[in-house]
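Computed from a prediction, not measured in an experiment: that's the story for all the values here. Naming convention: chains lettered A, B, ... in sequence-line order (proteins, then strands); numbering from 1 in each chain.
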There are 2 protein chains.
Amino acid sequence: MSNGGSFDQSCAPTLFARHDEIYREGKPAEFIYKIESGCVRTHNTLNGGRRQIDAFYFPGEFFGLDAHAVHGSSAVAVIPSAIRIMSRAAGDVVTTQHLLTLTAGEMQRIKKHNQLLRKRAEERVVGFLLDLAQRGRNQSEVDLPMARRDIADYLDLTIETVSRTLSRLERASAISLATPWRVILRDPSAIDWFNSQT
Amino acid sequence: MSNGGSFDQSCAPTLFARHDEIYREGKPAEFIYKIESGCVRTHNTLNGGRRQIDAFYFPGEFFGLDAHAVHGSSAVAVIPSAIRIMSRAAGDVVTTQHLLTLTAGEMQRIKKHNQLLRKRAEERVVGFLLDLAQRGRNQSEVDLPMARRDIADYLDLTIETVSRTLSRLERASAISLATPWRVILRDPSAIDWFNSQT
DNA sequence: CGTCACATTGAACCTCTTCAAGCGCCGTGG
DNA sequence: CCACGGCGCTTGAAGAGGTTCAATGTGACG
């Protein structure tokens, strides 16, 4: 698969502070974005104030690949982040073929998230941790830049359930919480097992 | 949006009987498919025998738009169906632009399904019925060609909960079950309301 | 008329949510 | 420098919603 190498140097990265909005739901989707450093989340706010997080993105990953002319969700920096912004207009450095590849990858990601939402709370949390471990540099240590509220809204659980589940996993010696935002996985090989669970 | 009109006549439809497999998970994704008549479901079988239905497709809709070189799920005819099969190879009648449009639409559909999975049982069932009503010819009468087991595996509920929820909706005069596979919606305008619930 | 597959209904159980309180960290101000 | 207050995480107890197990109902087909 293309890693976007052919067009990722097309502009200087823009800096965003913690909780800065990168684009807003409903606005025209003119650009695609690539994370250089930091972490971004995309979310919709349903009427009722309830918030739904669609995805977290980490360095090297692309986001903003909405289906239609307008963004279906808002993007916000979870921590200070550097992001490359590229026009998705036809005829630009971003080709239709690129877009198709990236969009197909995004679809894959959503399907995976979909499967996660069908599992029980503990499996969701474990799946989330293993996913982050796999995407991070260190397979056995995971950094959680986002708050419990964000994790809960991503996994469709309450913050209490997320917290309780992490505590239970720690008591069971499956993980270790160095700090609430730094998790050590006791069995990194669990990643392979989990990924085989289609 | 393109309705695919430029290439939907490129071959004669193939007929599939009830429960016939159209393609299988893991096989190369060489074609895309358009339903002329009938109904198709796509599903994965997780190890553990548990089945997960990703989508139902109806006349006029496309399926088989998997992200990668191989299908991520199997496709099966729910009832006797006529399906047009087209090669997705580059240089064929199906252009990259077509594929991007169709894939983006598929992504939209998955996101919608995703939101459905975050709701409570009753909302999932109602959302499912309204979705089918909207896609069908008659806004106030829905035909359910699939079994309760299929609906349950699509909504991530048990067949008991689906059945109980439908019964409760009928007692509440929200719907009417002419037969277990024919639902009359008492308030079709609910579709607009439900779609506004992001 | 009997059988089979599917749908419906009931009751006990379990998981997650809800409501409520406690804890720890950090920045601010006296 | 330390007390205070706010914010986010954790923990506990009660309650609601769905699942599980089990039985009953119903229509199609031989």
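- Remark: P of C/dT9 and CG of B/Leu169 are 12 Å apart, rounded to the nearest angstrom.
- Not counting sequence neighbours, B/Glu123 has no partner by the salt bridge (charged side-chain N to carboxylate O under 4.0 Å, His left out) test.
- Separation of the B/His43 and B/Tyr154 ring centroids does not fall under the 6.0 Å cut-off.
- The ring-ring contact (aromatic ring centres under 6.0 Å, His included) check on A/Tyr23 picks up A/Tyr33, A/His71, with sequence neighbours excluded.
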Chi angles and distances behind the side chain to side chain contact (heavy atoms under 4.5 Å, CB included) call for B/Leu169, B/Thr165:
CA-CA 6 Å; B/Leu169 287 171; B/Thr165 303; 4.3 Å; yes

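- Here the CZ-CD1 distance, from B/Phe16 to B/Ile22, works out to 5.0 Å after rounding to the nearest 0.5 Å.
- Test B/Asp54, B/Asp156, B/Leu117 against A/Asn114 for side-chain contact (heavy atoms from CB on, under 4.5 Å) and you get one pass: B/Leu117.
- Summarising the geometry, the separation between CZ on B/Arg148 and C1' on C/dA7 is reported as 7 Å, rounded to the nearest angstrom.
- A donor-acceptor pair shorter than 3.5 Å cannot be found between the side chains of B/His98 and B/Thr101.
- Spacing between atom CD of A/Glu122 and atom P of C/dC14 amounts to 16 Å, rounded to whole angstrom units.
- Here C/dC6 presents its P atom at 15 Å from CE of B/Met146, a figure rounded to the nearest Å.
- Within a heavy-atom distance below 4.0 Å of DNA chain C, the residues of residues 152-166 of chain B found are B/Glu160, B/Ser163, B/Arg164.
- Ion pairing between A/Arg135 and A/Glu61 holds under the 4.0 Å rule for side-chain N and carboxylate O.
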Could you walk me through whether B/Phe58 and B/Val40 pass the side chain to side chain contact (heavy atoms under 4.5 Å, CB included) test, one step at a time?
CA-CA 7 Å; B/Phe58 293 94; B/Val40 168; over 6 Å; no

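- Interface residues of residues 175-186 of chain A facing DNA chain D, ordered by number: A/Pro180, A/Trp181; criterion, heavy-atom separation under 4.0 Å.
- For the side-chain hydrogen bond (donor to acceptor under 3.5 Å, both in side chains) with B/Asp153, the qualifying choice from B/Arg41, B/Arg50, B/Arg51 is B/Arg51, the only one to do so.
- Rounded to whole Å, the distance from NZ on B/Lys119 to C1' on C/dT17 is 18 Å.
- The outermost nucleotides of DNA chain D lying under 4.0 Å from heavy atoms of chain A, listed 5' to 3', are D/dC9 to D/dA13.
- Here B/Arg18 pairs with nothing under the salt bridge (charged side-chain N to carboxylate O under 4.0 Å, His left out) rule; sequence neighbours left out.
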